[in-house]
Protein chains: 2
Amino acid sequence: MAFKRIAESTVRRLSLYLSYLEGLNGTDPSTVSSEILAGLVGTTSAQVRKDLSFFGSFGKRGLGYSIVELRDSLRDILGLDRTWQVCIVGAGKIGVALAQYPGFGTKGFHIAAVYDSDPAKIGTFWDSLTVRDVRQLRDDAAHERFDIGVIAVPADAAQSVVDTLVAAGVKALMNFAPAQITTPSDVIVRTVNMALEFEGLSFALAHRSA
Amino acid sequence: MAFKRIAESTVRRLSLYLSYLEGLNGTDPSTVSSEILAGLVGTTSAQVRKDLSFFGSFGKRGLGYSIVELRDSLRDILGLDRTWQVCIVGAGKIGVALAQYPGFGTKGFHIAAVYDSDPAKIGTFWDSLTVRDVRQLRDDAAHERFDIGVIAVPADAAQSVVDTLVAAGVKALMNFAPAQITTPSDVIVRTVNMALEFEGLSFALAHRSA
DNA sequence: GGATGTGAATGTCTTCACAGCT
DNA sequence: AGCTGTGAAGACATTCACATCC
């Protein structure tokens with residue numbers, strides 16, 4: 001079950017394939033070709049086949065892929081065949097948007113706890129969860145398992161939150177703070193930086209040819 | 001001012017360089033080396049120099065880069081030396097989070113208008129702006145210039161919003177809807193899909209070695 | 001016949017290493 | 001001496017094209 005280096009771009013496409021397969025639930029033909037799947041996500045059929053080939057053979061030559069089987073295989077591959085316990089630090093707008101993001105909970109991510117350092121927020125209800133004091137985090141982690149920690153605090157507080165989460169044994173972090181954070185090498189970090197996305201658009205606009 | 005194909009990864013790093021240079025405002029040495037800049041954003045000095053070399057020569061051999069000059073050059077390169085008019089469609093949680101994202105307005109992005117199709121939301125105040133009826137969008141675009149359109153609506157409404165924005169002459173779209181959208185080739189599209197980011201973490205967690 | 005799975009070829013990005021300027 | 005700027009090498013990702021199997 002441990003594969004050699006898989007490109008991040010490949011994993012992103014696998015997620016896209018899955019999301020379109022889930023949209024094809026119970027449609028007419030029970031199979032789908034790499035050609036069709038490629039059209040849905042905006043890539044090529046060769047790319048689809050190559051992506052899948054890293055993990056095995058899921059199709060039948062001459063027929064294509066069974067939608068149901070490929071869907072299940074992709075869920076397995078992506079680790080969505082189980083529930084990940086998510087803990088959000090920072091009960092601000094980003095956290096709220098996240099909790100309401102369509103299909104977040106339905107896809108294997110369970111928001112188990114929300115923490116904040118602001119006394120005004122601690123104890124308030126927040127989408128069926130009570131906001132806890134971030135100082136409880138380390139103790140809580142001894143009883144509850146948190147698989148994924150979400151950093152939704154201002155940049156200057158990010159590293160301290162990261163340190164607490166790492167000390168609490170959390171092995172994967174989703175970082176929404178616009179800050180470079182450092183972690184031990186066995187901790188997986190993904191950073192989402194809205195400013196970067198918009199600056200990418202700005203660059204493209206500024207240099208668009210004719 | 002029109003450069004040959006620049007990789008998306010390069011543009012992302014340019015944004016990061018800029019953001020760290022802005023943090024180095026008025027610090028001791030007035031110059032910075034590619035080595036130091038690389039350390040700040042987590043890349044290599046060769047990568048920093050290569051990235052910058054696509055746009056010119058900004059450093060002095062033996063000395064490094066003038067922080068102030070490089071900052072200004074990067075702002076120019078990224079198109080942040082002007083203000084982009086942003087129009088958000090969908091007055092939900094994502095839009096709110098966006099408007100409050102630290103340093104969004106300060107970096108050349110001005111939220112000029114917010115639209116929604118929900119009568120309950122139209123006319124309400126929303127962070128100093130009044131939410132407008134999405135049906136006004138096409139007419140409004142004749143009088144106001146919208147450089148960037150933000151798609152913050154559910155997936156099934158995304159393409160129709162895109163079509164309206166494109167018809168209104170908007171040439172750059174930031175898509176937060178988990179949907180594949182199609183546009184004329186002169187329209188720049190960036191898609192941000194939270195689910196994909198989390199599934200990437202899930203994949204990494206599921207296959208982590210050791 | 002039709003579509004997969006995959007080595008080989010191509011294209012793209014990153015790293016190396018060094019000449020050249022300050 | 002120190003650090004940039006850059007061609008060349010290397011690593012990585014995508015595309016091609018075809019043998020293989022249903």
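Within every chain, numbering begins at 1; the chains are lettered A, B, ... in the order of the sequence lines, protein sequences first and strands thereafter.
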Exercise for review: Tell me which of A:R13 and B:E35 sits closer to the 5' end of DNA chain D, going by the nucleotide each one is nearest to.
Suggested key: B:E35
Revision key, fill the gap. Counting primed atoms, P, OP1 and OP2 as sugar-phosphate and everything else as base, the B/S/- map of nucleotides 16-22 of chain D against protein heavy atoms under 4.0 Å is BB-BBBB
Point to revise | B:Y65 OH - C:dT22 P separation (whole Å) | key: 14 Å
Point to revise | Among D:dT14, C:dC13, C:dT4, the one nearest B:A7 by side-chain distance | key: C:dC13
Table please: side-chain donor-acceptor pairs of residues 80-87 of chain B below 3.5 Å, with sequence neighbours left out.
{"residue": "B:W84", "atom": "NE1", "partner": "A:S202", "partner atom": "OG", "Å": "2.7"}
{"residue": "B:W84", "atom": "NE1", "partner": "B:G79", "partner atom": "O", "Å": "2.9"}
{"residue": "B:Q85", "atom": "OE1", "partner": "B:H110", "partner atom": "ND1", "Å": "3.0"}

Point to revise | Donor-acceptor contact below 3.5 Å, side chain A:Q159 vs main chain A:T182 | key: yes
Check your understanding: Taking atom P of C:dT12 as reference, at what distance in whole Å does atom CD1 of B:I6 sit?
Key -> 13 Å
Review point. For the ring pair A:F198 and B:F109, is the centre-to-centre distance below 6.0 Å?
Key: yes
Study note, to complete from the structure: Here the distance between atom P of D:dG5 and atom CZ of B:F55, to the nearest Å, is 14 Å
Review point. So does B:E8 have more than 12 non-hydrogen atoms from other groups sitting under 6.0 Å from CD?
Key: no
**Study point:** Short side-chain to backbone donor-acceptor contact, B:Y20 and A:Q180, under 3.5 Å
**Key:** yes
Check your understanding: Rounded to whole angstroms, how far apart are CG on B:L14 and C1' on C:dC13?
Key -> 14 Å
**Study point:** Integer-rounded Å distance: C:dT12 C1' and B:R5 CZ
**Key:** 11 Å
Point to revise | Whole-Å gap separating P (C:dT15) and CG (B:D51) | key: 10 Å
Check your understanding: What integer distance in Å separates A:L70:CG from C:dA3:P?
Key -> 16 Å
Check your understanding: Which part of the nucleic acid does A:S45 contact within heavy-atom distance under 4.0 Å: base, sugar-phosphate only, or nothing?
Key -> nothing
**Study point:** A:E144 CD: over 12 foreign heavy atoms closer than 6.0 Å
**Key:** yes
Check your understanding: Base, sugar-phosphate, or nothing: which does B:S34 touch, judged by heavy atoms less than 4.0 Å apart?
Key -> sugar-phosphate
Review item, side-chain donor-acceptor pairs of residues 34-44 of chain A, under 3.5 Å, at least two apart:
{"residue": "A:S34", "atom": "OG", "partner": "A:R49", "partner atom": "NH1", "Å": "3.2"}
{"residue": "A:T44", "atom": "OG1", "partner": "A:Q47", "partner atom": "N", "Å": "3.2"}

Practice item. Whole angstrom is fine here: how far is it from CD in A:Q47 over to P in D:dC12? Key: 17 Å
